[in-house]
There are 2 protein chains.
Amino acid sequence: MRALDNTDLQILANLFRDARLSNKDLAREVGLAPSSCLERVKRLQNDGVIQGCSLKLNMNALGAHIQAMIAVRLSNHNRETFESFMQAVQPAPEVLSLYHLGGDNDLLIHVAVVDTQHLRDFVFNTITCRNEVSHVETALVYDYRQSDTMPKFVLNSSQAV
Amino acid sequence: MRALDNTDLQILANLFRDARLSNKDLAREVGLAPSSCLERVKRLQNDGVIQGCSLKLNMNALGAHIQAMIAVRLSNHNRETFESFMQAVQPAPEVLSLYHLGGDNDLLIHVAVVDTQHLRDFVFNTITCRNEVSHVETALVYDYRQSDTMPKFVLNSSQAV
DNA sequence: GATGAAAATATGTTACT
DNA sequence: AGTAACATATTTTCATC
């Protein structure tokens, strides 16, 4: 993979702010011709720097009035146990995202549910029913905010132009 | 806000999978003429059902080789304390997202950092230096997976067509 | 509301610097 | 690698159903 130069970082920062920016507008923002800009965006996608693009939705409008974070500890920490748990839980329609952590809790599962009864059913039917689960704690999510600016770090030599 | 009908849900599900889908392709997927489809997408944006669209980036390619989840407890739980903490922390370039929870921990902060030293500096300089912080626990994020399918629930009467 | 055709815009190629 | 020009495709408007 090629190192990212400053123009690449500008492209990424702009798309991070608004991924539906047209190529023409993006090119103007970063001071490139549209064709050159398009070429770079494609390269960033091919190189796997850009991994995809997802919609931020208003969960309440979809009928999910409660969001919760479910912390899970497993009884066994080998790879197979993890993978089987994640593969069973991730496809559930309530699951928004899933973190595998190194800490007291092995996993954090961010879910959206209709109401408290739905939350309880989800925890029983999808989480605690699994025999690899040793401990579960559920907390309401009052607020969830995603950064609208791309993480930016001091460049090291391998990234610099 | 108008209730979402089945076509709206199909549009959202398709865009959730790939927000860069062209309007033409989206229209074909949901069985509408491109113009009708565009009209609905605009309405969903205006109604705030679609809140935005963000890029999923390979953090390693940006030079962030470590991701961590920082759990924070505050000494005071009034609104002002929360807001001032969130407004101070959220703009930090390392912060990817921020959860306000009702539970033992008040906040979870998902961060991307260059290395362990950077993580330590971030925790000291941005989190523990603040006097409203009473407890901090940091865990490495080994894996972070976002659902690629839109949460779907049984429709209630207010959402049904 | 939805459609289809026309006008405006954007994309993607190619040749050139 | 970047630019400009061109052909193709898409978006968006609008009159109509």
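Below, read A as the first sequence line, B as the second, and so on, with proteins coming before strands; counting in each chain starts at 1.
A side-chain donor-acceptor contact under 3.5 Å links Ser75(B) to the backbone of Glu132(B). Formation of a donor-acceptor pair under 3.5 Å by the Asp8(B) side chain with backbone atoms of Asp5(B) is found in this model. Side chain of Thr128(B) to main chain of Val123(B): a donor-acceptor pair is present (N/O by atom type, distance under 3.5 Å, no hydrogens or angles). In this structure a side-chain-to-backbone donor-acceptor pair under 3.5 Å is present from Ser84(B) to Thr81(B). Remark: side-chain polar atoms of Asp47(B) are not paired, donor with acceptor, to backbone N or O of Val49(B) under 3.5 angstrom.
Between the P atom of dT10(D) and the CG atom of Asn23(A) lies a distance of 15 Å, rounded to the nearest Å. Following rounding to the nearest Å, Glu39(B) (CD) and dT12(D) (P) show an atom-to-atom distance of 13 Å. Whole-Å rounding puts the Asp25(B) CG to dA9(D) P distance at 13 Å. Rounded to whole Å, the distance from CZ on Arg28(A) to P on dT3(D) is 15 Å.
Ser22(B) comes within 4.0 angstrom of the backbone, heavy atoms only, and of no base. If you check every strand for non-hydrogen atoms under 4.0 Å, Arg43(A) touches nothing.
Proximity of Arg40(A) to the phosphate of dG2(D): a side-chain N or O atom is located under 4.0 Å from OP1 or OP2. Here Lys42(B) reaches the OP1 or OP2 of dT13(D): one of its side-chain N or O atoms lies under 4.0 Å away.
Interface limits on DNA chain C: the 5'-most and 3'-most nucleotides within less than 4.0 Å of chain A heavy atoms are dA10(C) to dT13(C).
In terms of position on DNA chain C, the residue among Leu38(A) and Ser36(B) whose nearest nucleotide sits closer to the 5' end is Ser36(B). Positionally, the nearest nucleotide of DNA chain C for Lys24(A) lies more toward the 5' end than for the other of Lys24(A) and Ser35(A).
Under 4.0 Å is where a charged nitrogen must lie from a carboxylate oxygen, and between Arg73(A) and Asp104(A) no such pair does.
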